[in-house]
Amino acid sequence: MLTTTDVVGGYGSVQILNGVSLKVVRGQIVALLGGNGTGKSTMLKVLSGLIKPWRGSIVFDGERIDGMRPDRIVRRGLVQVTQGKEAYPAMTVEENLLLGAHVCTDRAARARGLARAYEYFPILKERRRQLSGTLSGGQLQMLCIGRGLMSEPKMMLLDEPSAALAPQLVLDIFRTIGRICRDGMTLLMVEQNVRMALLLAEYGYVIKDGVIHLEGPAEKMINDDAVRLSYLGGTVAGRDEKMAL
Amino acid sequence: MSYFIDLVVVGLSLGMVYALVALGISLIYSGLDVVHFAHGEIYMFGAVIGLFLYDEFHLPFPLVLLGSMILTGLLGVFIERVFYRRILRTGGGYTVAGLGMVICGFGMSIVLQNVAYLIWGPKARPFPVTFGMPVELGNITLPAAYVWIVLAALVLMAALHIFLKKTRLGLAVRAVAGNKEIAYLMGINVPLTISVIFGVACALGAAAGVLVAPINYVQVLMGTGVLIKAFAAAVIGGFGSLPGAVLGGLLVGVTESLGAGYLSGSYKDIYAFILLIFVLMVRPAGVFGVLVKVKA
Ligand SMILES: Nc1ncnc2c1ncn2[C@@H]1O[C@H](COP(=O)(O)OP(=O)(O)O)[C@@H](O)[C@H]1O
Ligand SMILES: [Mg+2]
């Protein structure tokens, strides 16, 4: 579904990505992990077109998308949900959601999108007339994911969906992400919550110094000594945690 | 008493004209983060194009208004695409590049004045449209031109409101005004939307020019005074706020009219600024403004 080869890029003259190659298979959740400031968000911005890559190729659904304008990439079915829960605070929840369906000119598709977002996140339906500036952090994250779903994309890029959420909400969000994937979505997910991300994902990449440092099936990674020591605090994943998802 | 009401009504209709220009300035500011100093000339071009449509094709006034709005809107899109975009690409707002845009706006204002001068000459020309009998409301009589201004401006403001609140493109305009990166990620064609914002703002300015033309003359320099008052109106209402632009425009219009009627007509142009200073003393961010910029 998505293949990047030796993607190099950064901000201004500062190079952040030094050749990132990764692959996301259709219908899977792939986790992109790594320490703070290693370039995970930068990579997602390159994929969604917010930053133009300097070198390398990005092929999405059989088509080169590197260097394309972000709105064109959205039209091709690749949507990014940014880090930091960025909604429009002075618009209502429903207006925010409808913005996500901007590329759908067809009324029926917009209504379908709304129904789907409300089905995954019923609280948004209750709050639909409220300004999004009044939502809590968890609700805001739901709004951003729901908004990403509105254009019925083929694949979503999630940037730290569980960041700064209460533990119970973290579980909720991960469960819903799992459900979204089972309903046919392909996902590339950046996470700080490495354990949860690997429990949910099929495959994982660890980025370090702007290159892929480690990769492998999530099952293997979660028990891998290197990953455990640097990112999981040396503990072994519990079976009941997996059950919870 | 009826003298007072007359003055208020005249003030309100002039205020509508300021409000339309201020709406355009605020729209451009909220969408592009720049203050457009050539907007007075857009207003002048609206009047001039309106007069041209009236003279050449003898169109009825509503069609003159609409035609001038469309043509001036397209002129605005052209100016934005060809000239401003290159400067805006390097950044706007409070950066040094934003200052470049301010200077470019002043330059454009001079260019547009000279273009109009070359085509139409310096002479003030009348706009000889007749609106029929004055309108009688109780014991006051109003020239129909004033009623036209108020009605047309109200219709345009309502249309703008519906456009921004109810349409897909209007929602995109608000999104681009709020945050361009997120707007891009919504699949919005941001450069095109910026052109739409500019076009709509210029069409509103043109409408103001056409509406005022029958009670004033049409001339090349008509934009400068209006720009400054519309600017005062926008600041009074809270810069970047659309309801603020309307309220500010009406306040400026009424203050000016009452001042001219009761105090002295020859100081007509300073009342707006006395009001501006007063409002900024009481509420530094303007009536609907917030000091920290929160948009969309
Ligand atoms: N807009 C920006 N301009 C310049 N440098 C940036 C910008 N955003 C992030 N960076 C830098 O790029 C590096 C990678 O950032 P990022 O991709 O956000 O990391 P993370 O992996 O935590 O998401 C960091 O060193 C950060 O300081
Ligand atoms: Mg990040």
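Every chain is numbered from 1, with letters handed out A, B, ... down the list of sequences.
- A donor-acceptor pair is defined here as one N or O able to donate and one able to accept, closer than 3.5 Å; such a pair exists between the side chain of A:Tyr88 and the backbone of B:Ala183.
- Ion pairing between A:Glu86 and A:Arg147 fails under the 4.0 Å rule for side-chain N and carboxylate O.
- When each of A:Asp71, A:Val74, A:Thr105 is checked for heavy-atom pairs under 4.5 Å with chain B, A:Asp71 comes out on top.
- Contact annotation for A:Cys104: only backbone heavy atoms (N, CA, C, O) come within less than 4.5 Å of a heavy atom of chain B.
- If you measure heavy-atom distances from A:Leu50 to chain B, the contacts under 4.5 Å come from the side chain alone.
- Heavy atoms closer than 4.5 Å to chain B are found nowhere in A:Arg72, neither backbone nor side chain.
- The minimum heavy-atom distance between A:Pro53 and A:Gly67, with the atom names listed, is CD-N, 3.8 Å.
- A salt bridge does not link A:Arg76 with A:Asp61: none of the charged nitrogens is closer than 4.0 Å to a carboxylate oxygen.
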